[in-house]
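If you read the sequence from its start, that first residue is 1, and numbering goes on from there.
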Amino acid sequence: MAPETYDFANDFKALYIPKQKSEPAPVTESMKALLQSYPPLSQVTPVRSPDGVPFTALLEIPRFRAEESWEVALWHSIDGRDWTEGEVPRIKSGEAPQALHAESEVVSRLYFATKLSFKKTLRFTIKFRHGAGEPWRWIRDEQGLEDGHVVLLPAPSESDGLIDLIPGLNTAWKATSRMSQAPKTQLWSLETTVPPGRDDLSSFTDIEIGTPWGSFLRWFAVVRLWSPWLAPRHGKAHFSLDKDAIMLAFQSPEGRNMVLLAVSGINDSVPVFRHTPSGAVSVHVRSDSVSHEKVIVLISEGDDFERVVAAVMYHARTLAMRARSTNQALEQEIKALSDAVRPEWLENWYDGLGFCTWNALGQRLTEQKILDAIDKLKNHNINITSLIIDDNWQSIDYQGPSQFQYGWVDFEAEPEAFPNGLKAAVAKIREASPSIQHIAVWHALLGYWGGISPGGKLATKYKTIEVVREEAKRRNLPLGGKMTVIAKDDVCQFYDDFYKFLSDAGVDGVKADAQFMVDMWLSASVRRDLINTYLDAWNLTSLRYFSVKAMSCMSQIPQALFNSQMLPNRPALLVRNSDDFFPQIPSSHPWHVWTNAYNSIFMEYLNVLPDWDMFQTVHDYSGFHAAARCVSGGPIYITDVPGEHNIDLIEQMTGVTPKGKTVIFRPSVLGKAIYPYIGYDDDLLLKVGSYHGPSETGTPLVAIFNISARPLTELIPLSCFPGTVPSLHYVVRAHVTGKASAPMKLANPASLIAGSLDVRGYDILTAVRAAPLTGQRHGEIWVANLGLISKMTGCVAIVHSSISLKENGRGSVVVKLKALGVFGVYISALPDMTLKEDFIVTLQDQAVPVETMRVSQGDHRVLEVDIEKAWKDMKLEPGLVDEVEVKVSFAS
């Protein structure tokens, strides 16, 4: 059997994870108070109109001091003039933001509001006191929050030259205006050439660009954390990177955005961004070419951040497709395979619950351990649809100091751990758990971490070459040195034979890991010959044998991002979106979710489905991770230690269809961080926005996470929910507390939600369209279909919905759902109604038992119908379509 393998978690500690934050210097408990506002402090808030900008402040104070005469004052500077003080009057509770999280038993909330007008810019901070004769307390001293900054966005302009936007632009770059595919943005390409290397070594060149606008307020970068992974970085008025970046974003003093993208994958050069000693943007280029190579940097500018990012990404896609068109045979085969993919194949692979053996069973994997884990899942009624057999099932030579030197011997599984071979093990798994539809196995792109065993069976069957890897910079990984890999002439045949073996064994999916290894070779000719050879061979062969059932891992290298992962002419590929989930490192968990949310700003424009990694359901951060996966738009798969499962949490993430299939509720729009320029150390809630359904008629979602080391409260505007429409009213419901807001509208300045989370706290806020009905008994009634409220993203379960007032004067809600659970309807007049007399609820046109109906404990305006219990009690059978229809009729 294998010796002890490498401890990834210990190595992870060498990575950049921000230090655990600590609370500012405490004040005595009798004086302690917390203050927040909207527009927020420590942020830049662009607005379209400077007239009458509403300002709201929330003051949390000890409950026993709630009757004291608390005052709030705004210390502000308008349009650069001297700072002045203005009173912020207290407002009545009926005019206050909607609180969806309960106040602490020892805390009361007071609200204050005013309006401010300015012409160009407003800077402000806040102070407060508990009586006219008491000293003022400044928010910066109390909570460490910096000044807020509100700016008026200038009128759209598409006439600026790049030289006007980057003063002193380096003349080494040729700037060319390009047609932008994103509305109301400007786009340019910067081009230059770099020299070739010598003696089979790459060349390295640095070319400065300049400083956006000459100065800026904030910046955000997507950096190469190390070779396989991306991560976010943030800063303020000075630009400085600790890692090479592939994308940069800057916010101007006027609130505009500039995005720079270093384009790779179109030739043999890899450009990345760095900073100069003066804080200007510079490009560092590695060229593997034998001749001078062209380097391209794309720059876009505009008011809307998402459109500015889209402008550079869309044009980069055009460049990548143009570069790929030279290999027509490959592209034609990929297109033919892609055209054959049926939509239900995507749904079956993406939308089931998966289980991975990595953290669950460790790196000493055996057939019996897998069977025991499957048995324990069954005993807990956890029906997984996909199983990923991770690292350490293979035949490995175990030669070298660590697994990064181990070579792959043969296609067949390790004989001691899998005594009857892989095929027999797969057959046993399928027999033991018929609900498992897909079984995928792990392998490294080059075979194993150390490539191919020089003395193994594979090395005798295929041509091999010896290559040299560089050491991992600022890592404790023993990656450097020689390794044996399949030579260029045999790579395609090697993959074809391997995947045929897997397919014959009953495996129908793969997880191809360690793809970054191809970017660590020192030889320029090896990199030039083999990087795209391996990436293309894997993409084509996985599509040929496994269709969409392939996962790409440790593959956030520029050559893959701009090559196979950007091209739109194939099904979306599952791609790991960040470094691993490490259950035993507490500081890694908020950073893991943060990283995935910000990486997705870049990854959403690739043709991929970002995978936020597996996690465990029994863990201090299990709910935190679960909520993140539910709004990510990607897959959900767990890696629980056998027998250690949080069944309630799993049921919040999944549902069972009428035909007994377990599904997840994956929003149709990928989740990502809403505010790009907020830094990890800003002590603000992480807000991840998503959306499900058609434009304007779909459902916006915002997940909030406390990544700080202290409780946080914020005012969250309805305007931050993706896809909200100004003409519509929305009811916002919090999943964790079950509380719902009154109907609110974007145009209303009071459309704010007070969100409060403890350390490790999380919630998912769903903004559901509300419809007004004019009834005979209750007058105007607001009604909203909340979907399956027992699920974190239960709005995704809605297949079709309608709300109407019938001719007989009764209100009607009709919904089709793709799974069972607890269905919820918001009815503003519900407190004045009775369930037995005013309601008729049917499931599949049959009246449900009255005991399956109840008023929600979380909010007395929400009707709950347990359709899962009703389905079982009524012994209903599924129809041809795997969905259920619920009708709610009520006296209005």
Close side-chain approach of [X] and [Y], heavy atoms under 4.5 Å:
X      : Y      : result
Glu306 : Lys672 : yes
Leu353 : Asn383 : no
Met874 : Gln844 : no
Ile664 : Met653 : no
Phe839 : Ile827 : yes
Tyr675 : Gln43  : yes
Phe890 : Val813 : yes
Ile601 : Pro676 : yes

Is the ring pair [X]/[Y] parallel, tilted or perpendicular, if the boundaries are 30 and 60 degrees?
X      : Y      : value
His645 : His380 : perpendicular
His592 : Phe581 : perpendicular
Tyr598 : Trp594 : tilted
His619 : His625 : perpendicular

Assess the residue pair Phe721 and Ile753 against the criterion (side-chain contact (heavy atoms from CB on, under 4.5 Å)); give the C-alpha distance rounded to whole Å, side-chain angles, the decisive distance to 0.1 Å, and a yes or no. CA-CA 11 Å; Phe721 284 74; Ile753 297 157; 4.0 Å; yes

We want to know whether [X] and [Y] form a side-chain donor-acceptor pair, criterion being a heavy-atom distance below 3.5 angstrom.
X      : Y      : value
His778 : Asp832 : no
Asn577 : Asn596 : yes
Glu864 : Ser856 : yes
Tyr637 : Asp611 : yes
Ser756 : Arg109 : yes
Gln652 : His735 : yes
Thr657 : Asp882 : yes

Is it possible for you to check whether Arg760 lies under 6.0 Å from the centre of the six-membered ring of Tyr621, through NZ or CZ, and within 45° of that ring's axis?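 Yes.
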
Which heavy atom of [X] sits nearest a heavy atom of [Y], and at what distance?
X      : Y      : value
Val88  : Ala113 : CG1-N, 3.4 Å
Leu765 : Ile716 : CD1-CD1, 4.3 Å
Val884 : Ala819 : CG2-O, 4.2 Å
Thr639 : Cys356 : OG1-O, 3.0 Å
Phe55  : Pro39  : CD1-CD, 3.9 Å
Pro635 : Leu609 : CD-CD2, 4.5 Å

In terms of side-chain geometry, is the basic nitrogen of Asp838 or Arg777 positioned less than 4.0 Å from the acidic oxygen of its partner?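 Looking at Arg777 together with Asp838, the answer is yes, because their closest N to O distance falls below 4.0 Å.
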
Within the side chain of [X], is there an N or O that forms a donor-acceptor pair under 3.5 Å with the backbone of [Y]?
X      : Y      : result
Ser751 : Lys745 : yes
Lys687 : Leu685 : yes
Lys659 : Leu880 : yes
Ser892 : Gly809 : yes
Thr737 : Leu100 : yes
Tyr730 : Val725 : yes
Asn348 : Gly352 : no
Tyr691 : Gly698 : yes
Ser668 : Gly693 : yes
Trp70  : Arg65  : yes

Derivation and outcome, side-chain contact (heavy atoms from CB on, under 4.5 Å), residues Thr852 and Trp871: CA-CA 10 Å; Thr852 62; Trp871 182 273; over 6 Å; no

Could you walk me through whether Asp351 and Arg666 satisfy the salt bridge (Lys or Arg N to Asp or Glu O under 4.0 Å) test, starting with their C-alpha distance in whole Å, then the side-chain angles of each, then the deciding distance to 0.1 Å, before giving a yes or no? CA-CA 7 Å; Asp351 292 348; Arg666 186 171 58 86; 2.6 Å; yes

Verdict with supporting geometry, Gln143 and Leu41, side-chain contact (heavy atoms from CB on, under 4.5 Å): CA-CA 11 Å; Gln143 295 172 235; Leu41 293 152; over 6 Å; no

Partner of Asp640 by side chain to side chain donor-acceptor pair (under 3.5 Å), out of Thr617, Asn359, Asn646: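 Exactly one candidate clears the test, Thr617.
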
Test side chain to side chain donor-acceptor pair (under 3.5 Å) on Ser578 and Asn599 and set out the steps. CA-CA 8 Å; Ser578 79; Asn599 282 355; 5.6 Å; no

Take Asn785 and Phe823 through the side-chain contact (heavy atoms from CB on, under 4.5 Å) test and state the conclusion after the steps. CA-CA 9 Å; Asn785 178 0; Phe823 172 61; 3.0 Å; yes

